[in-house]
Amino acid sequence: NYLYDKRLVMGRYYSVSGGNISEESLPIPEAVRAALKSLLLDRETGKGMPDPDEYQRYVTEWAETLNQPIPQIRRISFDIEVDSEKNRIPDPHLAERRVTAVGFEASDGVHEVYVLGERGKREAETPAQVTYYADEKQMILDAFEKIAGYPVVLTFNGDDFDMPYLHNRANRLGVPPEDNPLYMMRDAATLKRGVHVDLYRTFSNRAFQVYAFSNKYSEYSLNSVSNALLGEQKLDYGVPLDSLTPEQLASYCYNDARLTYMLTSFGDDLLMKLLVVISRIAKMPIDDIARLGVSQWIRSLLYYEHRRHNMLIPKRDDLNARFEGKASTDAVMKDKKYRGGLVVDPQKGIHFKVTVMDFASLYPSIIKVQNLSYETVRCAHGPECESNRVPDTSHWVCKRRNGLTALLIGSLRDLRVNYYKSLSRDGTLGEIERQQYSVVSQALKIILNASYGVMGAEMFPLYFLPAAEATTAIGRHIILETIKKCNESGIEILYGDTDSIFIKDPTPEQVQGVIEVAKADHGVELEVDKEYRYVVLSDRKKNYFGVTTSGKVDVKGLTGKKSHTPPFIRSLFGEITEILADVASEEDFERTKVRITAKMRECAERLNSRKIPLEDLSFNVMLSKAPSEYTKNIPQHIKAAMQLEHASSAAGDMSSFIGGGGEGASRKVKKGDIISYVKTVTRPGVKPVELARPDEIDSTKYMEFMESTLDQVTSVLGMDFAEIMGAKKQSALGDFFHGG
DNA sequence: TATAGGCATACGAAGATTTAATT
DNA sequence: TATTAAATCTTCGTATGCCT
């Protein structure tokens with residue numbers, strides 16, 4: 001509230017003199033100013049808004065804040081190692097065991113590690129400067145001093161481990177609280193001064209995972225995130241941590257600190273910059289951006305705006321009372337509250353020359369153009385506004401006042417689509433500027449994508465179902481109307497999902513016509529997304545395969561690409577799609593069929609002769625809950641997980657029995673873990689790969705899975721799995737008899 | 001302390017039906 | 001032939017991963 005009511009914008013520049021704080025604006029390039037001016041001059045910009053001038057002011061204010069240069073932030077990462085009993089994670093609340101090493105990596109070229117013990121004969125193999133300590137307390141005090149020199153401190157899981165452990169350990173060793181730079185909260189500890197960013201929390205945030213890092217990682221451990229984003233892993237000496245020499249421990253610990261730092265520095269400090277920009281948009285400190293979910297960001301953004309305008313923030317009950325808790329549309333799926341996006345039935349077959357068009361940020365556009373917000377949908381102004389109906393619902397929208405959500409989301413959307421996207425590609429600007437605008441564009445994408453979703457999420461404090469329902473209802477209306485217009489003018493639509501349409505071989509004039517109609521009728525921007533040389537559509541929605549004019553293969557939704565599919569089938573599937581990428585015309589298909597058949601037969605042969613390694617046969621499925629929470633059903637990956645836990649507790653200290661390296665014997669399975677299992681002929685039909693033997697593999701099951709996976713592509717090409725696998729002569733014989 | 005809904009696939013659980021075995 | 005148990009099929013629901 002202090003920040004809100006003082007109107008302090010997080011992430012902006014301020015100067016402090018004599019106890020006064022004043023906002024500073026750094027100069028921005030002339031070309032950027034000019035581009036904003038032309039955006040504001042465009043008469044279309046405020047269209048749909050009851051008060052266009054107010055809207056223009058929002059656009060201007062946002063641009064001023066977001067155009068400010070993004071500072072380079074001085075920061076240090078650290079990581080600790082702790083003595084531990086076998087197979088037991090040390091408890092940070094007790095902090096009974098010694099801290100054995102602390103590694104550092106900082107933005108000003110610090111590469112250091114402190115380690116307990118005597119230096120051996122050989123130098124540690126690490127680029128870091130190593131300091132050996134005999135006294136643990138002194139080492140911790142030195143570490144505290146090092147950390148205190150930076151405004152931002154980075155950790156990986158520091159909230160729940162490194163920070164509380166250091167705090168409590170220092171306490172235990174007699175460091176007085178006033179000399180301890182950390183303080184405890186309930187479970188977590190953090191810095192008294194400065195910003196602590198726990199990257200484990202940041203990378204666990206779905207919004208970052210999906211929109212900033214396009215789902216490249218699926219587990220949230222330092223090792224898997226680093227592996228996916230940096231292509232680097234933790235050090236592995238092949239022995240348990242407690243048997244490392246001090247030099248090895250130093251290298252290991254420093255490397256963890258280095259990876260932690262690198263996660264914020266790769267791609268030109270991408271993550272740090274995103275945190276700053278989102279902080280500016282959400283009016284929320286970086287610590288919170290890095291820890292809280294996207295709904296909290298948007299809450300902060302809206303609350304700031306309420307307080308700025310002296311508006312009352314409604315109570316949940318007041319909002320609920322305005323729609324009596326009932327939706328006016330029926331969801332397609334049960335257990336959903338209201339109806340969502342429209343998916344058009346695909347035209348099964350192979351289609352050449354397909355243009356895909358989509359509406360640029362459809363839902364944010366609708367929110368702006370139709371003035372949607374919790375206070376404008378079903379407003380209390382009476383008949384005048386009530387005549388402004390939302391199609392296919394019982395709702396109406398205010399005509400008198402701008403909706404707050406519409407102002408905020410609308411202005412951010414316009415800036416992203418018509419300003420930052422082009423600035424990030426503007427050749428007249430310097431590399432640094434272009435990069436900044438690309439970061440701003442990415443940050444906006446995250447916020448905009450979530451803006452509609454939160455309105456329909458009960459946990460969101462401004463949850464207002466009619467607003468969410470109106471957004472999707474108008475979306476369905478727009479895509480249906482567009483398809484209708486296309487059909488009337490003889491343009492063939494092959495498929496569409498929510499905000500996209502697949503058009504069969506249109507002329508440039510037809511494409512232009514569709515764009516103009518969408519703009520004129522609905523005020524939304526339709527763009528060409530991509531051009532396919534050909535697309536293979538099955539009769540299933542959200543499942544297709546296409547080759548773009550540039551030869552890039554697009555696979556959407558097919559099992560062959562999904563992460564849980566065994567690697568050997570995934571790579572076979574990949575090879576098949578690569579073969580199909582070469583197809584230029586219909587005649588080419590016949591030739592490729594021969595190549596595909598050969599590949600598949602070879603693969604089946606290897607499967608039946610058990611030549612495929614177990615790892616390549618494993619299904620990899622994530623636990624969305626803790627194992628004990630599976631009460632209604634015990635799916636296969638849980639069965640495998642339970643075997644794992646049993647085996648590890650039964651095996652006791654036979655650590656070599658499982659894995660042998662890295663992981664160690666104890667395998668506590670928890671939420672978020674990915675379980676690798678194979679299908680076997682033994683009892684429950686599954687076994688974790690770690691425990692399975694090649695001779696137990698159920699080849700029949702694998703052949704069936706292979707069939708159903710590959711059939712999604714081959715069946716459309718007119719190929720039959722059984723025939724490919726050698727039964728082809730029978731069918732020829734059958735034809736002969738029938739013919740005779 | 002967590003944005004939404006729509007869709008495909010695999011499989012578990014339980015009920016319904018068929019088949020085999022026994023009286 | 002009636003009864004019971006086992007095997008098989010059917011239906012519904014759960015879980016996961018994906019699409020927009």
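Everything numeric here is computed off the predicted structure, so don't read it as measured data. Chain identifiers are assigned alphabetically (A, B, ...) following the order of the sequence lines, protein sequences preceding nucleic acid strands; residue numbering begins at 1 within each chain.
- Residues A/His637 and A/His564 have side chains not in contact (no heavy-atom distance under 4.5 Å, counting atoms from C-beta outward).
- Distance A/Met357 CE to C/dT20 C1': 17 Å, rounded to the nearest Å.
- Within the 4.0 Å cut-off from OP1 or OP2 of C/dG17, not a single side-chain nitrogen or oxygen of A/Lys542 is found.
- Proximity note for A/Ala450 (side chain, C-beta onward) versus B/dA10, C/dG17, B/dT3: the nearest is B/dT3.
- In this structure, A/Lys679 forms no cation-pi arrangement with A/Tyr702, as its terminal cationic atom is not both closer than 6.0 Å to the ring centre and no more than 45° off the ring axis.
- Nearest-nucleotide positions on DNA chain B for A/Lys337 and A/Asn543 put A/Lys337 closer to the 5' end.
- The listed nucleotides are B/dT9, B/dC11, B/dG6; the one nearest the side chain of A/Lys336 is B/dG6.
- Side-chain proximity of A/Tyr338 to the nucleotides C/dG17, B/dA4, C/dT14 is greatest for B/dA4.
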For residues 523-531 of chain A, run the donor-acceptor check on the side chains, cut-off 3.5 Å, and write out each pair with its distance to 0.1 Å, sequence neighbours left out.
residue  : atom : partner  : partner atom : Å
A/Glu525 : OE2  : A/Arg413 : NH2          : 2.4
A/Lys530 : NZ   : A/Asp554 : OD2          : 2.7
A/Glu531 : OE1  : A/Thr355 : OG1          : 3.0

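- A heavy atom lying under 4.0 Å from DNA chain B marks the following residues of residues 294-302 of chain A, by number: A/Val294, A/Ser295, A/Gln296.
- Side-chain atoms of A/Leu372 and A/Thr405, non-hydrogen and from C-beta on, never get closer than 4.5 Å to each other.
- Set against C/dC19, B/dG12, C/dG17, the side chain of A/His564 has C/dG17 as its closest nucleotide.
- Of the candidate nucleotides B/dT3, C/dT20, B/dG12, B/dT3 has the atom nearest to the side chain of A/Ala457.
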- line: The contact string for nucleotides 6-11 of chain C, one letter per nucleotide 5' to 3', using protein heavy atoms under 4.0 Å with B, S and - for base, sugar-phosphate only and none, comes out as ------

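- Applying the 4.0 Å criterion to OP1 and OP2 of B/dA4, one finds that A/Thr472 has every side-chain N and O outside that range.
- Considering only residues two or more places apart in sequence or on other chains, A/Lys283 meets the salt bridge (charged side-chain N to carboxylate O under 4.0 Å, His left out) condition with none of them.
- A/Phe619 and A/Tyr677 have parallel rings, their planes meeting at less than 30° on a 0 to 90° scale where 60° marks the start of perpendicular.
- Within 4.0 Å (heavy atoms only), A/Lys639 reaches sugar-phosphate atoms of the nucleic acid but no base atom.
- With B/dC7, C/dT16, B/dA13 as the candidates, the nucleotide lying closest to the side chain of A/Asn633 is B/dA13.
- Using a 4.5 Å heavy-atom cutoff, the side chains of A/Val225 and A/Phe213 are not in contact.
- Heavy atoms of A/Met622 sit under 4.0 angstrom from primed sugar atoms or phosphate atoms, though from no base atom.
- Residue A/Met459 is the one, among A/Gly341 and A/Met459, whose nearest nucleotide of DNA chain B lies closer to the 5' end (criterion: closest heavy atom).
- Nearest nucleotide to the A/Lys541 side chain, out of B/dA8, B/dC11, C/dA15: B/dA8.
- For the segment residues 204-211 of chain A, no residue has any heavy atom less than 4.0 angstrom from an atom of DNA chain C.
- Looking at the side chain of A/Arg339, the nearest of the listed nucleotides B/dA13, C/dC18, B/dG6 is B/dG6.
- Residues satisfying the ring pair (Phe, Tyr, Trp, His ring centres under 6.0 Å) criterion with A/Tyr544, sequence neighbours excluded, are A/Tyr495, A/Phe502.
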